[in-house]
Number of protein chains: 2
Amino acid sequence: MENNTPVTLKFLAEKLKMSVSTVSKALNDYPTINSYTRQRVKEMAQKWHFTPNKSALNLKEKKSHIIGVILPNLLDHFFTKSIYGIEQYAMQKGYNVIISQSYDELQKEILLANMLLRSRVDGLIIAISKQTKDFNHLDQFEKLGVPVVYYTRNPSFNLNCHKVLGNTFQGSYEATRFLISRGHKRIAYLGGPKMTNFTHDRFNGYINALKDGGISFDAELVAYTDFDKENTINAIQKLFMTESPQPTALVAFKEVIIFDAIKYLKSIKHPNFEEIECIGFGNTPFIHYLDHPPLASIEENPQSVGKNAIELLLKLINKDIGIGDYQKVMVDCKLVLH
Amino acid sequence: MENNTPVTLKFLAEKLKMSVSTVSKALNDYPTINSYTRQRVKEMAQKWHFTPNKSALNLKEKKSHIIGVILPNLLDHFFTKSIYGIEQYAMQKGYNVIISQSYDELQKEILLANMLLRSRVDGLIIAISKQTKDFNHLDQFEKLGVPVVYYTRNPSFNLNCHKVLGNTFQGSYEATRFLISRGHKRIAYLGGPKMTNFTHDRFNGYINALKDGGISFDAELVAYTDFDKENTINAIQKLFMTESPQPTALVAFKEVIIFDAIKYLKSIKHPNFEEIECIGFGNTPFIHYLDHPPLASIEENPQSVGKNAIELLLKLINKDIGIGDYQKVMVDCKLVLH
DNA sequence: TTGTAAGCGTTATCAC
DNA sequence: GTGATAACGCTTACAA
């Protein structure tokens, strides 16, 4: 039973003394095929572990069955988890996934986009870099009929596109309301890269929660960081090194910023760093090892975001949804107490 | 310049009023082609952004240009980083990578292996699950001429195979020697899953360092965990809840075990948990947020391990190395002080 | 120096 | 019900 001739339709046809096309039809349950013939063919196929050659199918169907994914960084738990959702669903539907990292750099993103376009991916899922403000390198996909789904990071400057986003407005709204309900009056907001297009919703959630909670907004309680350590520390200094009444709570764009904040406040022996209550987007498993863990986390359900993205993309690929019929899917966040 | 006919050789040939084969040869720098012709062809190809259809090439070459990777879990930083090395190098050489997770379960691993075999991957890179003791599902690849490279986790029961391993012996040897040099006499060893085949080297490194450092081995100072929280706590209890003189230092299979250990000892208010000096395999960036970080980390250079694995695999695929000429590559570890 | 034709493994269209 | 044939896009003897 060991042999080195590849098991192809031709091979089976010879064994069965039939034509290749009959074998093909039998395996694909064509109604015109005699049921006994079909059975014989299927048995033989089973016996030899026949699997159709994907390259041949791809060539015929003019599809690569490859989905490209571009994301900033796999070291961020959010993205690692999101590709679970993507990969599982894709595999199940017969697609392979190529993952590539932009490291949050536009130049790299452009390079990767061109590479993926040239390797003829059937679709693209992308979380844009923090530098991406122009979308030529991504728009070219749709021009060639290759659908693109933006996920997680909202390219708000790009109006005509498909998006799957976490409901970060709701996330930071709930977090802020929760802090208010615990009696906080001075709640700081530490945002992500300033002036990028995927950060507004969180800020708006914070603002709206303040308003609905009857707390007036104070610009002194808002700072931004681009995730760079130094930058983060500057932001924290802005928030906590002032003369005015200090914040007693903090809502942060990403959990990791909170870790940096707490570490810094501790290092400078800030008098009441132990009392400051923090909530950030993330929910890293690591949290449980910290001496001063955040009060709660805004769980973004990355896996679900990923799954929604690939689901939408496959619908676009299969033309169940028109490529110009732009969709927007929101995935709710959940406040998790620690 | 916009058009929906795919840019193929045929398309270019028609534009140039040449035959398809001439175009193909020109693009592939056949010496028999007139240099002026070649130039014209290349210009036209450039103009139309011609890229050869990979499915067609794959079909012709009888290759899929896909590498399968099976690993236990992407949430482990080691594996996430290792696929950097794999993916980068593979992409550069024109291969795609399918990553799949066994969640350290043999059943899942078998399933994935069969799936990958059926999707005709050109090669397999695998970090076996902690349950894998039988290798039928992996041996079948080589029987069909598909090379397999085992990485990180040593399948020592499987003698005839290609491996790329971290030099964990050296890693734990150096860690232990370092602890001895700091005056420790009672150094505990907290190992990974007992009786699995990829854990011996670390233990041997520990043992040998003790011997070379003139410290006698004490079985009471050794415990094992399968990474399960409860299991880890049992192991820690075994080490620290005894009547005999307690360990003052700890070498651990994985950094995360140390985090669990410290957390537990702190929770039970162990009298001198602050003095215990720990070193584990890993070097998680997260470490810097801990109040009681390990003394040092054994950096396993995951990226380099991944790169070596894919390099070896591609050599096997290209038959630069015979599939039966079994290779073993070791990647050194490095002690990183915190 | 260029062109013709076969073949990689499938499926779809026809003819028988 | 079944079988021949063309086509998908590319490479490569071989012929011209």
Side-chain angles (χ1 to χ4, degrees), chain A residues 3-42 44-45 48-66 94 117-122 144-145, chain B residues 3-42 44-45 48-66 94 117-122 144-145:
Chain A
N3 205 311
N4 263 338
T5 48
V7 180
T8 64
L9 287 184
K10 191 172 159 195
F11 175 89
L12 293 179
E14 278 164 11
K15 290 266 165 216
L16 290 158
K17 294 186 201 301
M18 294 181 195
S19 79
V20 173
S21 55
T22 306
V23 176
S24 169
K25 286 172 189 159
L27 289 173
N28 290 299
D29 291 320
Y30 266 56
T32 66
I33 296 291
N34 180 302
S35 71
Y36 175 59
T37 309
R38 175 166 49 236
Q39 196 193 328
R40 279 183 62 217
V41 170
K42 289 203 172 176
M44 188 64 83
W48 286 95
H49 298 108
F50 169 79
T51 324
N53 182 311
K54 216 144 182 258
S55 303
L57 288 175
N58 289 341
L59 178 57
K60 190 128 239 294
E61 294 179 34
K62 296 169 182 255
K63 289 184 43 168
S64 65
H65 284 271
I66 293 178
L117 191 66
R118 287 167 152 263
S119 45
R120 289 183 153 77
V121 293
D122 290 340
L144 293 168
Chain B
N3 204 311
N4 262 340
T5 48
V7 180
T8 64
L9 288 185
K10 191 172 160 195
F11 174 89
L12 294 180
E14 280 163 10
K15 290 265 165 217
L16 290 157
K17 297 188 200 301
M18 294 181 196
S19 77
V20 173
S21 62
T22 306
V23 176
S24 168
K25 286 172 189 162
L27 289 173
N28 290 298
D29 290 320
Y30 267 55
T32 67
I33 297 292
N34 179 303
S35 70
Y36 175 58
T37 308
R38 172 165 52 236
Q39 197 194 327
R40 278 182 61 217
V41 170
K42 289 202 171 174
M44 189 64 84
W48 286 95
H49 298 110
F50 170 78
T51 325
N53 182 311
K54 218 147 181 252
S55 303
L57 287 175
N58 289 339
L59 179 58
K60 186 122 246 284
E61 292 180 34
K62 295 169 181 256
K63 289 184 47 169
S64 65
H65 285 272
I66 294 178
L117 191 66
R118 285 165 154 265
S119 44
R120 290 183 152 79
V121 293
D122 290 340
L144 293 169

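FYI, side chains are in, hydrogens and waters are out, and symmetry mates aren't considered; it's all heavy atoms of this structure. Here is how names work: the chains are called A, B, and so on, in the same order as the sequence lines, proteins then strands, and each is numbered from 1.
In this structure, the side chain of A/Lys54 engages the main chain of A/Gly94 through a donor-acceptor pair within 3.5 Å. For A/Asn53 (side chain) and A/Ser55 (main-chain N/O), a donor-acceptor pair under 3.5 Å exists by modelled atom type. In this structure a side-chain-to-backbone donor-acceptor pair under 3.5 Å is present from A/Ser64 to A/Ile66. A donor-acceptor pair is defined here as one N or O able to donate and one able to accept, closer than 3.5 Å; no such pair exists between the side chain of A/Asp122 and the backbone of A/Lys63.
In this structure, B/Met18 and A/Phe50 both approach DNA chain C, and ranking their closest nucleotides by distance from the 5' end singles out B/Met18.
Between the CZ atom of B/Arg120 and the C1' atom of C/dT10 there is a distance of 11 Å, rounded to whole Å. B/Asp29 places its CG atom 14 Å from the P atom of C/dT1, with the value rounded to the nearest Å. If you take CZ of B/Phe11 and P of D/dC8, they are 15 Å apart, rounded to a whole angstrom. In this structure, B/Leu12 atom CG and D/dC10 atom C1' are separated by 12 Å, rounded to whole Å. When rounded to the nearest whole Å, the span between NZ of A/Lys10 and C1' of C/dG7 equals 9 Å. When the P atom of C/dT2 is taken as reference, atom NZ of B/Lys17 falls 17 Å away, rounded to whole Å. The distance from atom NE2 of B/His65 to atom C1' of C/dC8 is 13 Å, rounded to the nearest whole Å. Put simply, CG on A/Asn58 is 13 Å from P on D/dG9, counting in whole angstrom units.
Near DNA chain D, meaning a heavy atom under 4.0 Å from it, residues 32-41 of chain A has A/Thr32, A/Ile33, A/Asn34, A/Thr37 in order of number.
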Let's go through A/Met44 and A/Phe50 carefully: what are the C-alpha distance in whole Å and the side-chain angles of both, what is the deciding distance for side chain to side chain contact (heavy atoms under 4.5 Å, CB included) to 0.1 Å, and is it a yes or a no? CA-CA 8 Å; A/Met44 188 64 83; A/Phe50 169 79; over 6 Å; no

Begin from the C-alpha positions of B/Val41 and B/Leu27 and carry the test side chain to side chain contact (heavy atoms under 4.5 Å, CB included) through to its verdict. CA-CA 7 Å; B/Val41 170; B/Leu27 289 173; 3.8 Å; yes

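Every pair passing side-chain hydrogen bond (donor to acceptor under 3.5 Å, both in side chains) that includes a residue from residues 32-41 of chain A is listed here, sequence neighbours excluded: A/Gln39-A/Glu43.
Going from atom CG of B/Leu9 over to atom CE of B/Met18 covers 12.0 Å, rounded to the nearest 0.5 Å.
Listed by chain and number, the residues in a side chain to side chain contact (heavy atoms under 4.5 Å, CB included) with A/Arg118 are B/Thr51 (sequence neighbours excluded). For B/Lys42, the salt bridge (Lys or Arg N to Asp or Glu O under 4.0 Å) partners two or more places apart in sequence, or in a different chain, are B/Asp29.
The overall bend of the helix from C/dT1-D/dA16 to C/dC16-D/dG1, read as the angle between its terminal helix axes built from five base pairs each, is 60° when rounded to 10 degrees.
In this structure, A/Thr8 does not reach the C/dG9 phosphate: none of its side-chain N or O atoms is under 4.0 Å from OP1 or OP2.
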The contact string for nucleotides 11-16 of chain D, one letter per nucleotide 5' to 3', using protein heavy atoms under 4.0 Å with B, S and - for base, sugar-phosphate only and none, comes out as BBBB--

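Judged by distance alone, the side chains of A/Thr22 and A/Ser19 do bring a donor and an acceptor atom under 3.5 Å apart.
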